There are 2 protein chains.
Amino acid sequence: MAVHDAMDVLTGKWKISIIAVLCYHNKRRFSDILKDVNGISNKMLSKELKEMEQNKLIKRTVLDTQPVTVHYELTEYGQKLQSVIKNLSDWGIEHRKEIMGK
Amino acid sequence: MAVHDAMDVLTGKWKISIIAVLCYHNKRRFSDILKDVNGISNKMLSKELKEMEQNKLIKRTVLDTQPVTVHYELTEYGQKLQSVIKNLSDWGIEHRKEIMGK
DNA sequence: CGGCATCCTTCTGGATACTG
DNA sequence: CAGTATCCAGAAGGATGCCG
């Protein structure tokens with residue numbers, strides 16, 4: 001099942017949110033993402049980013065500054081998830097209305 | 001973030017897969033879903049279905065047969081997730097190609 | 001058939017401190 | 001700044017058995 005393949009890559013509370021952030025600002029530094037994504041810890045961010053890099057969803061670029069700067073961005077391939085995110089976000093808005101309505 | 005609201009409802013390895021199954025066969029029994037969804041245990045299926053029922057994504061119908069028969073189906077509201085699933089599934093197919101290509 | 005109860009193991013993820 | 005390392009609690013999830 002294709003859905004299952006996709007989910008393998010997107011498991012965890014955070015990956016989808018991280019991708020959503022990287023959709024918006026196309027380059028973003030570690031500590032910025034740390035602030036953007038609601039309650040994530042540096043450990044989790046580090047872990048999730050590493051997994052996503054291995055899965056070729058994002059690209060990591062180290063700049064030779066002092067101190068070090070690191071950029072993360074979606075790969076061309078990862079950008080294909082944007083429409084999924086959009087869909088999900090639209091549904092999330094609907095969902096919030098539904099819940100609040102009660 | 002709307003994405004986060006959506007994810008609250010869809011957490012766990014299985015929910016997305018279960019919805020995908022219910023997209024395809026619009027009514028489905030417990031033990032059928034158990035076979036459809038790859039490696040899920042009855043405990044997990046039971047738990048996930050209950051959560052999704054509480055979130056109004058699916059509807060549970062008990063038929064008065066001997067022994068009991070139970071149908072699950074997507075609510076009108078849950079069906080709005082179909083486009084998300086479709087997107088995800090398309091991406092999953094791409095993803096599989098990408099991985100295999102290496 | 002469609003679950004629930006129990007036990008047990010693994011994974012998830014937070015807090016804090018430390019490194020180059 | 002961008003992580004790593006360690007410790008630890010709780011949640012997720014598998015196996016098995018029982019029940020109406």
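In what follows, chains are A, B, ... by sequence order, proteins preceding strands, each numbered from 1. Remember, predicted model here, so these are calculated numbers, not experimental data.
Here the side chain of B:Lys50 is nearest to one of C:dG3, C:dG13, C:dC4, namely C:dC4. The side chain of A:Thr69 lies closest to D:dA2, out of C:dT16, D:dA2, D:dG14. The listed nucleotides are D:dG14, D:dT16, D:dT4; the one nearest the side chain of B:Asn42 is D:dT16. Nearest to the side chain of A:Pro67, among C:dG2, D:dC1, D:dG13, sits D:dC1. For A:Lys13, the listed nucleotide lying nearest its side chain is C:dG13; candidates were C:dG13, D:dT16, C:dG2.
Proximity of A:Asp32 to A:His25: side-chain heavy atoms (C-beta onward) are nowhere separated by under 4.5 Å.
With rounding to whole Å, B:Met44 atom CE is found 19 Å from C:dG2 atom P. Here the P atom of nucleotide D:dG13 and the CE atom of A:Met7 are 11 Å apart, to the nearest Å. In this structure, the CD atom of A:Gln66 is 18 Å from the P atom of C:dT19, given to the nearest Å. Note: CG (B:Leu49) to P (C:dG2) measures 11 Å, nearest angstrom. Atoms CG (A:Leu45) and C1' (C:dG13) sit 13 Å apart, rounded to a whole Å. Protein atom CG of B:Leu63 is 17 Å distant from nucleotide atom C1' of D:dG20, rounded to whole Å. What separates CD of A:Glu48 from P of C:dT12 is a distance of 9 Å, to the nearest Å. In this structure, NZ of B:Lys43 is placed 11 Å from C1' of D:dT16, rounded to the nearest angstrom.
Enclosure of atom NZ in B:Lys86 is not indicated, since only 12 or fewer non-hydrogen atoms of other residues, nucleotides or ligands lie within 6.0 angstrom.
When each of A:His95, A:Glu98, A:Glu94 is tested with B:Tyr77 by the rule side chain to side chain donor-acceptor pair (under 3.5 Å), just one qualifies, namely A:His95. The only member of B:Leu74, B:Val9, B:Ile18 that meets side-chain contact (heavy atoms from CB on, under 4.5 Å) when paired with B:Leu57 is B:Val9.
Side-chain nitrogen and oxygen atoms of B:Lys47 include none within less than 4.0 Å of the OP1 or OP2 phosphate oxygen of C:dC4. In this model, the phosphate group of D:dA2 is not approached by any side-chain N or O of A:Ser46 to a distance below 4.0 Å at OP1 or OP2. The shortest distance between the side-chain N/O atoms of A:Tyr72 and the OP1/OP2 oxygens of D:dC1 is not below 4.0 Å.
Nearest heavy atom pair, residue A:Ala2 against residue B:Ser89, reads CB-O, 3.4 Å.
The stretch residues 27-37 of chain B touches DNA chain C through B:Arg29, B:Phe30, B:Ser31, each having a heavy atom within less than 4.0 Å of the strand.
Here CD1 of A:Ile40 is found 6.0 Å from CD of A:Glu48. Values are rounded to the nearest 0.5 Å.
Below 30°, between 30° and 60°, or above 60°: for B:Phe30 and B:Tyr72 the angle between ring planes is between 30° and 60°, a tilted geometry.
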